[in-house]
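Below is one structure; the comments refer to it alone.
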Amino acid sequence: MAFKSIIDEIENNLNKILDALSISDIKFSVEPAKPGFGDVSSNISFLLSKQLKKSPKDIAEMLSEKYQHYSNTLVLKTEAHPSGYLNFFANWEKLNQLILSESNLDEFGDVDIGKNTTIVVEHTSVNPNKALHIGHIRNIIIGDTISRILTKANYKVNVLNYIDDSGLQVADIIVGFTHLGFDQEPPDGKKFDHYCGDDVYVKTTEKYESDSSLEDVRKNVLKELEDGNSETAKLADKITRRVLTNQLKTCWNLSVFYDCLNFESQIIRSGLWSKIFEKIKEMNLIEFENEGKNAGCWIIRGTEKEEDKIIVRSNGTATYIAKDIPYAAWKLGLIDDPFHYQKYEKEQPHSRVLWQTTLDSNNESAKNFTGEKVITVIDSRQTRLQKIITSLMGKFKSISDAYVHLSYESVTLSAETAKILRLETGGKQAQMSGRKGLYVNADSVYDLLKKKTIEETKKRNPEMDPSEIEKIAHNVSVGTLRYEMIKQDLDKIIVFDLTKSLSLEGDTAPYIQYTHARASRILEKSKRTPLIDINFSLIKEKSELDLIKIIGLFDIYVRDAVNNLSPKVIARYCHDLAVAFNSFYEHVKVLELGDETLENSRLCIVNSFKITLEKALDLLGIVAPDRM
RNA sequence: GGGCCCAUAGCUCAGCAUGGAUAGAGUGUUGGACUUCUAAUCCAAUGGUCAAGGGAUCGAAGCCCUUUGGGCCCGCCA
């Protein structure tokens, strides 16, 4: 509750006042105040202005007076601001005690929005024919962060990664291996996923332009992929699984973990499509077109100005979007589960078990990776298709918003970075393209960051053990990359610039992580555990109060992040915490004050800050080092 | 042609959902602070017709409409 306690107290009292005035249906706000306007503000006077035929200022004065007659534990005084706002000043002695003691609890920041219901978060879902590039990373980090935040909000989260192992992109590299003579072993220790993406995929698609006969080869390969028993399918299975293992390595390195891998090939072979096809036919959600350009196809009728969408071609085969329908329905638990589950062959770090679908029965107990709600993280270019899926799922499931497409803008390359990749754009940003080899691999960005952070850490800790430096550099590099992907809103394009991405100053993860290291060192040097039963009247410096206040706002921001599915809210909160701590650090001393009691009270603040920041950063998948 | 998204300081972005006080950060530039709990830091200065126009409102960066500029999507491809 923390800071929310004072908000609730004010809200209650204001409601009582309204009751006494026989006023109802007023949805006023009670929010943390802007600096300089007390601690909590309400807009209530503005909303009453019309009804009471008085100026907001007069109403604020009236309310302020009345407020005195109600019981207050956390509010010290009220103030009617000339602008009309009703401002409240906190009893900081009590509020400090409340916030600092609550911040020591494990469940600090928890909010119960999910009520322990299940929710699916699907993210990553990259074709297993290439290495992850910086654009995929945005998807992955958004998905992982959302999963962490939803878990904090008491959802039981099932994280899924959909493996499109039977699509055109996979067919392309198989063509490369079977018809263009690419060796199945990458050269000189190159990571296999990089080799498939950088070499096999790019060069094979290049070949299509000069050799049109390859088109037929490709079509055949694609067809053979659907039949699990073909030699082609077996080769593809071997290749894609090897690429997948490499991709997962990249994800795990970034502290991204999953619960289950769902293979498209198995969805196709499970026959789920024909079941759902029958069902949507029965429900009249799909129509057979007898005439016009789509004659002979099954279509979903477009609404008003939108075009009809073909689901089954006139030759009887299902289109791309059709494949998404059974999967979406499966995720929502709307159809009998055709899968068995087995543990993934490689062990996922942090002893979180990773499962994968299989069509072969085994001895594992039954699993359920579906959810009452589903969040699918896919970039905004798929909005149109996802809208169709969403509306279709809405007709299957009565809960509103059961299926959510969490959309985000793509990552583009800055003109300078494109130039490094030998693409002249005339100063404009460029869309990445796996096909054209125009992208920046995630692994290489990590490597560059790592190299730089090792240097920086060494500089500051010349005596430190190399393995310790390595560990810190890893956490800082991962933090930097993750923070860059999450700190802005989902609807903003990220223009990725290789040089700028290496910045470790300002609004970056290292800035935030550094404050944690500072706090840790103070606690370490104090050589004692701060005691919480302190004299709170000693805390009166502005920088102290500001810091405690922000600590107390944690759950409010978690709530905000969940309700708006907005990971950046937590990123900003972490940044705010760090700014407040840095200001505290510069303005007041903690150690060697010659005043045991004051020292202890400040140590309490430092400790609360440290554990709160740790929790908040954990929601972003960022580890806070004790030294850096 | 139709649809979706974006436009706030030189640059990158918060604020917009739920209208109200003084529009905030970072970065850049300029100046200052390390014999001090780590300077990956802090402090200060600089920098804004909130794209343009109109509307509703006591009140608009925010809501409605129009326009402009930019991005993306619109295949019996995936």
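Nothing here was measured: the structure is a model prediction, and the numbers come from that model. To find a chain, count down the sequence lines: A is the first, B the second, and so on, and within it residues start at 1.
As a whole-Å value, the separation of A/Arg518 CZ from B/U36 P is 13 Å. In this structure, A/Glu505 places its CD atom 10 Å from C1' of B/A39, rounding to the nearest Å. Remark: C1' of B/C72 and CD1 of A/Ile378 are 15 Å apart, rounded to the nearest angstrom. B/C74 atom P lies 14 Å from atom CD of A/Gln386, rounded to whole Å. With rounding to whole Å, A/Asn582 atom CG is found 14 Å from B/A33 atom C1'. Here the P atom of nucleotide B/C37 and the CD1 atom of A/Ile522 are 10 Å apart, to the nearest Å. As rounded to whole Å, 15 Å separates atom C1' of B/A78 from atom CD1 of A/Ile325. Atom CD1 of A/Ile512 and atom P of B/A25 are 16 Å apart (whole Å).
Counting any heavy atom pair closer than 4.0 Å across all strands shown, A/Lys525 reaches sugar-phosphate atoms only and no base atom. Within the nucleic acid shown, A/Gly167 comes within 4.0 Å of sugar-phosphate atoms alone, with no base atom in reach, counting heavy atoms only. The residue A/Thr317 sits apart from the nucleic acid: no heavy atom pair falls under 4.0 Å. Within the nucleic acid shown, A/Glu524 has no heavy atom closer than 4.0 Å to any nucleic acid atom. A/Ser380 comes within 4.0 angstrom of no nucleic acid atom, judged by non-hydrogen atoms across all strands. Within the nucleic acid shown, A/Ala322 has no heavy atom closer than 4.0 Å to any nucleic acid atom. Base engagement by A/Arg460 is indicated by at least one non-hydrogen atom pair under 4.0 Å involving a base atom. Using a 4.0 Å heavy-atom distance criterion, A/Tyr85 is classed as a base contact. Contacts of A/Val170 with the nucleic acid, taken as non-hydrogen atoms under 4.0 Å apart, are absent. As judged by a 4.0 angstrom heavy-atom cut-off over every strand, A/Asn564 is placed among the base-contacting residues. At a threshold of 4.0 angstrom between heavy atoms, the contacts of A/Lys50 with the nucleic acid are absent. No contact: A/Leu523 has no heavy atom under 4.0 Å from any strand. Among the atoms of the strands shown, only primed sugar atoms or phosphate atoms (P, OP1, OP2) are found under 4.0 Å from some heavy atom of A/Lys428.
Checked by distance alone, A/Ser41 brings a side-chain donor or acceptor within 3.5 Å of a matching partner on the base of B/A21. Remark: the A/Thr319 side chain and the B/A78 base include no donor-acceptor N/O pair separated by less than 3.5 Å.
Checked against B/G26, B/A78, B/C76, the side chain of A/Ile310 finds its nearest nucleotide in B/C76. The side chain of A/Arg313 lies closest to B/C76, out of B/C72, B/U41, B/C76. Residue A/Leu168 places its side chain closer to B/C77 than to any other of B/C77, B/A40, B/C76. The A/Cys297 side chain lies nearest to B/C76 when the options are B/C76, B/A40, B/A21. Ranking B/A78, B/A25, B/U22 by closeness to the A/His575 side chain, first place goes to B/A25.
Ion pairing of A/Glu484 with A/Lys487 is present here, as a side-chain N (NZ or NE/NH1/NH2) and a carboxylate O approach within less than 4.0 Å. Salt bridge status for A/Lys610 with A/Asp626: present, with a side-chain N to carboxylate O gap under 4.0 Å. Between A/Glu306 and A/Lys387, at least one side-chain nitrogen of the basic residue sits less than 4.0 Å from a carboxylate oxygen of the acidic one, meeting the salt-bridge criterion. Here A/Glu524 pairs with A/Arg521 in a salt bridge; the nearest charged N to carboxylate O distance falls below 4.0 Å. Ion pair A/Glu456/A/Lys459 flagged as a salt bridge, since at least one NZ, NE, NH1 or NH2 atom sits closer than 4.0 Å to an Asp/Glu carboxylate oxygen.
Of the residues near RNA chain B, A/Asn315 and A/Val590, the one whose nearest nucleotide (by heavy atom distance) lies more toward the 5' end is A/Val590. Between A/Asn87 and A/Pro510, the residue anchored closer to the 5' end of RNA chain B is A/Asn87, taking for each the nucleotide with the nearest heavy atom.
Comparing the C1' positions of B/G2 and B/A21 gives an interatomic distance of 44 Å, to the nearest angstrom. Nucleotides B/U35 and B/U30 place their C1' atoms 28 Å apart, quoted to the nearest Å. For B/A9 and B/A14, the P atoms lie 12 Å apart once the distance is rounded to whole Å. Between B/A78 and B/U68, the two P atoms lie 37 Å apart (nearest whole Å). B/A39 and B/C5 are spaced 47 Å apart, taking the P atom of each and rounding to whole Å. Across B/G70 and B/U27, the matching C1' atoms stand 23 Å from one another, rounded to whole Å. The gap from the C1' atom of B/A60 to that of B/A17 amounts to 16 Å, rounded to the nearest Å. As rounded to the nearest Å, B/G53 and B/A7 have C1' atoms that lie 16 Å from one another.
Considering only side-chain N and O atoms, A/Tyr573 lies nowhere under 4.0 angstrom from the phosphate OP1 or OP2 of B/A25. Distances shorter than 4.0 Å separate some side-chain N or O of A/Tyr585 from OP1 or OP2 on B/A39.
Base pairing of B/C4: its partner is B/G71, meeting the Watson-Crick or G-U wobble criterion (both donor-acceptor distances under 3.5 Å). Pair check for B/U41 finds B/A33; Watson-Crick or G-U wobble, both atom distances under 3.5 Å. Within the shown strands, B/G24 is the pairing partner of B/C13 under the Watson-Crick or G-U definition, both distances less than 3.5 Å. With a 3.5 Å ceiling on both atom-pair distances, the Watson-Crick or G-U wobble partner of B/G53 is B/C65.
For the pair A/Lys323 and A/Trp273, the NZ or CZ position fails the cation-pi test of under 6.0 Å to the six-membered ring centre and within 45 degrees of the ring normal. For A/Arg218 and A/Tyr208, the positive end sits near the middle of the six-membered ring, less than 6.0 Å away and at most 45° from its axis.
A/Thr508 and A/Thr480 share no side-chain donor-acceptor pair at under 3.5 Å.
Nucleotide B/C58 is shown with an anti base, its glycosidic torsion being more than 90° from 0.
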Base contacts versus sugar-phosphate-only contacts with protein, heavy atoms under 4.0 Å: please encode nucleotides 1-13 of chain B as B, S and - from 5' to 3'. -BS-SSS-----S
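Annotation: A/Tyr85 is not in aromatic contact with A/Phe37 [ring centroid separation under 6.0 Å not met].
More than 12 heavy atoms of other shown residues, nucleotides or ligands fall within 6.0 angstrom of atom NZ in A/Lys281.
For A/Asp58, the side-chain hydrogen bond (donor to acceptor under 3.5 Å, both in side chains) partners at least two apart in sequence or on another chain are A/Ser55. With sequence neighbours left out, the salt bridge (Lys or Arg N to Asp or Glu O under 4.0 Å) criterion links A/Arg572 to no other residue.
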